[in-house]
Structures are given as C-alpha cells and as structure tokens.
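In this text, all values refer to a predicted model and were calculated from it rather than measured experimentally.
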Amino acid sequence: MNTGYGRDLDLNLLRVFAVVADTGSVTAAASRLYLTQPAVSAALRRLTASIGAPLFVRRGRGLELTGRGKRLHAALVPHLRAIVEATLSEPQWSPATSDRTLRLGLSDVAELWLLPALLRVLAREAPRMSVVAVPVQFRTIASALAGGLDAAVTVADELPATVRRQPLYCGGFVCLFDPRHTRLRRALTVDEYFALEHVIVSYNGDLRGIVEDVVQRPRTVRCSVSTFASLGALLDGSGLVATVPVIVAAHIRETRRHLATRPLPFELEGTPTELLWPSSTDDDAACRFVRSKIVDIARTALPKPRRA
C-alpha cells in the first residue's frame with residue numbers, strides 16, 4: 001500500500017472526476033460543483049497527467065469513460081460515498097457499549113459527594129466507561145483544563161472564554177465537632193466560636209482559612225491540612241472544631257454519627273461550585289452524557305445554587 005496517500009495527487013481532483021463521470025459532461029459537472037467549465041477541464045487534465053492515462057474520450061457532445069476511467073470510477077465511488085456519509089451523518093454513540101475513559105478534575109469536596117454517586121450511575125448505564133479523577137482546586141483548575149481534562153467540578157475564579165461553566169450549588173458552612181470532648185451551646189456567640197481551638201483546610205499550606213479571609217478575625221488554629229478527607233479522624237476524640245461546608249459535614253457524619261454540628265455565629269457563604277468543561281467537548285457524546293449525570297446528581301443531592 002502507498003502510505004504516502006498520493007503525495008503528488010490532489011484528492012479534490014477525484015471528486016471532480018466522479019461528478020464528470022456521473023454527468024458525462026464538463027458543463028453539467030461544473031454546474032453541480034459550483035465551478036467554471038475551464039476549472040473542471042483543468043482539473044481533468046491534472047488528474048490525467050497524475051495517473052498517466054486518459055480517463056475520458058469524447059462521444060458526440062458528451063464524455064465517455066475509457067477502460068482506465070471505468071476501473072477508477074468503480075473503485076472510487078464507494079469510497080467517496082462512505083466519506084460523505086461519515087462526514088454528514090450523526091455519529092452513533094451508546095453509553096451501554098462505550099469504553100471511553102474520561103478525565104475529571106474534582107475538588108476534594110466534590111470527590112466526596114460526586115464520585116461515589118457518579119460511579120453508581122455509570123455502573124448501571126455505562127458499565128464499560130472509566131473515570132480518572134484528578135485533584136484540582138481554584139488555583140490549579142485553569143491549567144488542569146488546558147492540560148486535557150474532559151470536565152471538572154470545583155470553585156473557580158476567572159477562566160478563559162473557551163471554558164464553559166454551569167453552577168451546581170452554593171452551600172453554607174457549619175461548625176463540626178465531637179460533643180464527647182467539646183460542649184457547645186445550640187447558638188454559639190462570636191466570642192465563643194473564636195475561643196475554640198480549630199483544625200482548618202488550607203490550600204495555601206498555612207494557618208489561614210476562609211473564616212480569616214471573610215470575617216477578618218484570627219482563630220486559634222492547632223492544625224492545618226490540605227484536604228477535607230482527614231477531618232473526621234482529626235475531630236473524632238479531640239476537642240478541636242472545624243468549619244466545613246454543609247455537604248462535607250453530612251458526608252463525615254455518615255460514618256461518624258456521634259459527631260455534631262452547630263450553626264456559625266456569623267454569615268459565611270462559599271463560592272459557587274461549578275461544572276466546568278472545554279468548549280471543544282460541547283459535541284462529544286460521552287462528555288455530554290457524563291456532564292448530564294453530574295448535573296442530575298447535584299440537583300438531587302445538593303442545595304440549589306443561590307442567585308446573586
């Protein structure tokens with residue numbers, strides 16, 4: 001097989017040849033191709049020169065294929081039809097048979113509430129699909145999406161115009177603690193809250209968290225961790241408290257039911273968590289399927305997004 005794909009052959013000439021062969025006329029072919037008659041004649045001359053054999057002979061006012069032309073036409077037409085059909089037809093895709101692997105960027109919070117539910121959905125509806133979960137957060141999401149993620153669920157600031165965004169939820173925060181070691185009133189005062197010893201999640205790797213940023217008052221922080229994954233174990237059996245998103249507290253209490261929550265004594269709203277994806281995957285059937293499932297899971301499992 002000639003792996004060069006005819007480096008010296010303009011494949012557009014083959015389309016011109018096929019239309020002239022079908023119509024038997026340069027004039028009719030020019031009209032169908034939206035070309036001038038001289039352009040069609042020039043294309044036939046170039047193709048004849050490339051092949052090295054005449055493809056048509058004149059019969060009266062029309063053209064008739066030579067033996068070489070008939071063989072080329074018979075071999076060419078099925079392939080041209082297949083190319084046109086493949087180009088114009090809607091691709092068929094089924095979640096039941098797809099073996100796609102999608103790369104999803106997930107914040108540590110999203111990994112808690114979304115990933116188990118998403119895997120259950122895929123097990124039912126797309127059992128051969130796989131997910132690669134990549135940790136992301138607001139500082140890394142832009143570069144992660146540019147690096148090949150199919151979608152992401154996290155909070156984000158400004159992103160390029162090529163990234164699509166859909167808000168999923170904007171939940172509040174609660175104070176999570178072990179009531180066996182820390183006794184808290186149902187309604188904490190601000191002073192009582194700041195008198196407690198805290199464990200925080202800091203993506204900066206320091207002792208400053210969202211409370212310090214919003215309330216502008218420092219807490220007594222005894223421990224700072226990089227994700228929410230270990231908070232349950234850190235609070236269990238200790239006198240520390242943690243200020244966490246409502247959905248995180250609910251997830252931790254599923255396995256540590258003895259932990260308790262209290263409302264915060266001040267307003268603290270989180271940044272909306274969004275579904276993000278590159279615009280280049282808008283028409284990708286597998287990506288659309290997974291995005292729709294993420295939206296469904298968020299709609300049933302999480303608080304509704306709050307409008308500004």
Side-chain angles (χ1 to χ4, degrees), residues 95 98 100-160 162-173 176 200-205 209-210 225-233 242 244-255 270-282 284 286-305:
S98 174
R100 279 282 297 277
T101 296
L102 296 189
R103 292 175 57 83
L104 302 181
L106 301 177
S107 68
D108 52 336
V109 175
E111 189 168 310
L112 292 176
W113 65 262
L114 173 61
L115 193 54
L118 180 60
L119 291 180
R120 289 193 292 270
V121 170
L122 295 182
R124 292 194 306 267
E125 302 183 31
R128 298 173 59 187
M129 290 187 70
S130 302
V131 170
V132 175
V134 178
V136 295
Q137 39 103 338
F138 69 99
R139 297 185 187 278
T140 63
I141 183 58
S143 59
L145 284 168
L149 291 182
D150 295 297
V153 176
T154 186
V155 299
D157 293 325
E158 292 186 5
L159 291 172
T162 54
V163 175
R164 303 282 192 256
R165 319 173 66 137
Q166 180 172 350
L168 295 177
Y169 78 100
C170 185
F173 287 75
L176 182 66
I200 70 168
V201 174
S202 171
Y203 298 125
N204 296 322
I210 186 172
V225 293
S226 61
T227 75
F228 289 97
S230 62
L231 279 185
V244 300
V246 172
I247 189 65
V248 173
H251 177 82
I252 292 175
R253 294 183 70 196
E254 286 179 1
T255 55
T271 303
T273 292
E274 297 178 285
L275 171 60
L276 311 164
W277 68 94
S279 58
S280 59
T281 67
D282 276 346
D284 185 304
C287 291
R288 286 203 311 266
F289 169 78
V290 170
R291 290 199 301 266
S292 71
K293 298 306 173 183
I294 291 173
V295 171
D296 288 344
I297 292 169
R299 184 180 297 120
T300 57
L302 298 173
K304 298 293 186 295

Verify, without hydrogens or angle tests, whether [X] (side chain) and [Y] (backbone) share a donor-acceptor contact under 3.5 angstrom.
| X | Y | answer |
| --- | --- | --- |
| Ser279 | Thr162 | yes |
| Asp150 | Arg103 | yes |
| Thr281 | Asp284 | no |

If we only count heavy atoms from C-beta on, is the Glu111 to Pro135 side-chain gap below 4.5 Å?
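Heavy-atom side-chain distance check fails, nothing below 4.5 Å.
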
Just wondering, do Leu104 and Leu118 contact through their side chains at under 4.5 Å, heavy atoms?
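In short, these two side chains touch, coming nearer than 4.5 Å.
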
What closest approach, in Å, do [X] and [Y] show between heavy atoms, and which atom pair accounts for it?
| X | Y | value |
| --- | --- | --- |
| Thr140 | Val136 | OG1-CA, 3.6 Å |
| Gly209 | Ile200 | N-CD1, 3.8 Å |
| Val201 | Thr227 | CG2-O, 3.6 Å |
| Thr154 | Phe138 | OG1-N, 4.2 Å |
| Ala144 | Leu149 | O-CG, 3.3 Å |
| Ala133 | Leu115 | CB-CD2, 4.1 Å |

With rounding to the nearest 0.5 angstrom, report the [atom1] to [atom2] distance, [X] to [Y].
| X | Y | atom1 | atom2 | result |
| --- | --- | --- | --- | --- |
| Arg128 | Thr101 | CZ | OG1 | 11.0 Å |
| Leu106 | Thr273 | CG | OG1 | 11.0 Å |
| Leu102 | Met129 | CG | CE | 4.0 Å |
| Leu112 | Ile252 | CG | CD1 | 7.5 Å |
| Arg291 | Asp282 | CZ | CG | 6.0 Å |
| Phe228 | Ser107 | CZ | OG | 8.5 Å |

For Phe289, what residues pass the ring pair (Phe, Tyr, Trp, His ring centres under 6.0 Å) criterion, not counting sequence neighbours?
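Only Trp93 meet the ring pair (Phe, Tyr, Trp, His ring centres under 6.0 Å) criterion with Phe289.
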
Partners meeting side-chain hydrogen bond (donor to acceptor under 3.5 Å, both in side chains) with Glu274 (sequence neighbours left out):
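Partners of Glu274 by the side-chain hydrogen bond (donor to acceptor under 3.5 Å, both in side chains) criterion, ordered by chain and then number, come out as Arg165.
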
Pair Val248-Leu176, side chain to side chain contact (heavy atoms under 4.5 Å, CB included): steps then yes or no:
CA-CA 10 Å; Val248 173; Leu176 182 66; 6.0 Å; no

